[in-house]
Amino acid sequence: MMKGRKTILTMLLSATLALTAGCGAKETATSGTSEAKTIRVGTDAAYAPFEYLDGGKVVGFDADFLDAVMKEAGLKYELKNVGWEPLFASLKTGELDMGISAITINDDRKKTYDFSSPYYESTQMIMVKEGSSVKKADDLKSLKKIGVQTGTTGAEAAEKLVGKNSERISKYENTVLAIMALKNGEVDAVVADNGVVKEYVKNNPKEKIVAIEDKASFDSEFYGLMFKKDSKDRDKVEAAVQKIMENGKYTEIYKKWFNTDPDLEALKKAK
Ligand code: ARG
């Protein structure tokens, strides 16, 4: 019964996503020469406030950051909503040149992809319904079901607590689906990036979902722009990242989305 519901939901949502996929913003960052190639950038736009769809256009902190970086680098690009796992696959095959999707830089991914230096500091957070017994990460061990997005560091964090391939972890194609599963009682908690968890709780006060932080159990993570290995674009893009961090543009975008100043020193130290 539960399973059936989940499947229908997943199908509905995938259908919606499929409809909107490929309608990404086509932006020209430079008048450039005609032979300048368009860099194909992929994202999973179900991750507000970093990337989400607004009238078919990908918007969010990442979208603004990317636009500023590419303008600074004088590169033409196209941002496509391809979904999370397809993003990794398409970068590998060369169908895409670059990814921006609140992607945590880690050693495992570094084996297959190249990254820019860190542009955002993050950590995992737990979402539960009001009144839940969960107060810290360790309490997740006593739950029946934990929802995560497949292939994310949130999934990894949950696996670390209850075991890899544990039946108690329900994996969803995107984080919106995992949160819906929490709302309808399919799972008892969701583990995801703090920025996304906080945004959801803030925007949906009536749903009585609470966000739990546990800095003692969850490490700092840093987001980076991701490239296929040995990408020829990386150095140019990286120089532009550094430039907009120095000239105030990055700070302006950060403030627009998070209402506070970024910790540029922490990002530099994490390089
Ligand atoms: N930061 C996490 C990771 O790299 C989650 C990112 C998910 N991003 C998204 N757009 N769905 O695994």
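One-based numbering, in listed order, for ligands and for the atoms of each. The first residue in the sequence is number 1, and the count goes up from there.
Among Arg109, Glu173, Glu85, Gln124, the residue whose heavy atom sits closest to atom 4 (O) of ligand 1 is Arg109.
The distance between the ring centers of Tyr52 and Tyr47 does not fall below 6.0 angstrom.
Scored by the side chain to side chain contact (heavy atoms under 4.5 Å, CB included) test, Ser231 finds Phe227, Lys228, Asp233, Arg234 as partners (sequence neighbours excluded).
The salt bridge (Lys or Arg N to Asp or Glu O under 4.0 Å) contacts involving residues 189-198 comprise nothing, where partners must be two or more places apart or lie in separate chains.
Checking Thr150 against Glu85 by side-chain atom types alone, no donor-acceptor pair falls below 3.5 Å. For the residue pair Asp64/Trp257, the side-chain donor-acceptor check at 3.5 Å is satisfied. For the 3.5 Å distance criterion, the side chains of Thr153 and Gln124 qualify, holding a donor opposite an acceptor.
Annotation: atom 11 (N) of ligand 1 to nearest protein heavy atom, Asp44 OD2, 2.7 Å. Nearest protein neighbour of atom 10 (N) of ligand 1, counting heavy atoms only, is Ser101 OG, 2.8 Å. At the shortest separation from atom 6 (C) of ligand 1 among protein heavy atoms lies Ala102 O, 3.2 Å. Atom 3 (C) of ligand 1 has its closest protein heavy atom at Thr153 OG1, 3.4 Å.
With respect to Glu159 and Lys171, a salt bridge is recorded, a charged nitrogen being found less than 4.0 Å from a carboxylate O.
Residue Tyr47 places no N or O, backbone or side chain, under 3.5 Å from any N or O of ligand 1. Polar contact with ligand 1: present for Asp193 (N/O pair, distance under 3.5 Å). Taking only nitrogen or oxygen atoms, main chain and side chain alike, Glu51 reaches within less than 3.5 Å of ligand 1.
The distance from ligand 1 to the heavy atoms of Tyr223 drops below 4.0 Å at these ligand atoms: 1 (N). Counting atoms of ligand 1 from 1 in the listed order, those under 4.0 Å from a heavy atom of Gln149 are 7 (C), 11 (N).
Heavy-atom separations between Ile103 and ligand 1 include at least one value shorter than 4.0 Å.
Considering Lys206, Lys208, Glu207 in turn, Glu207 is the only one that fulfils the side chain to side chain contact (heavy atoms under 4.5 Å, CB included) rule with Asn204.
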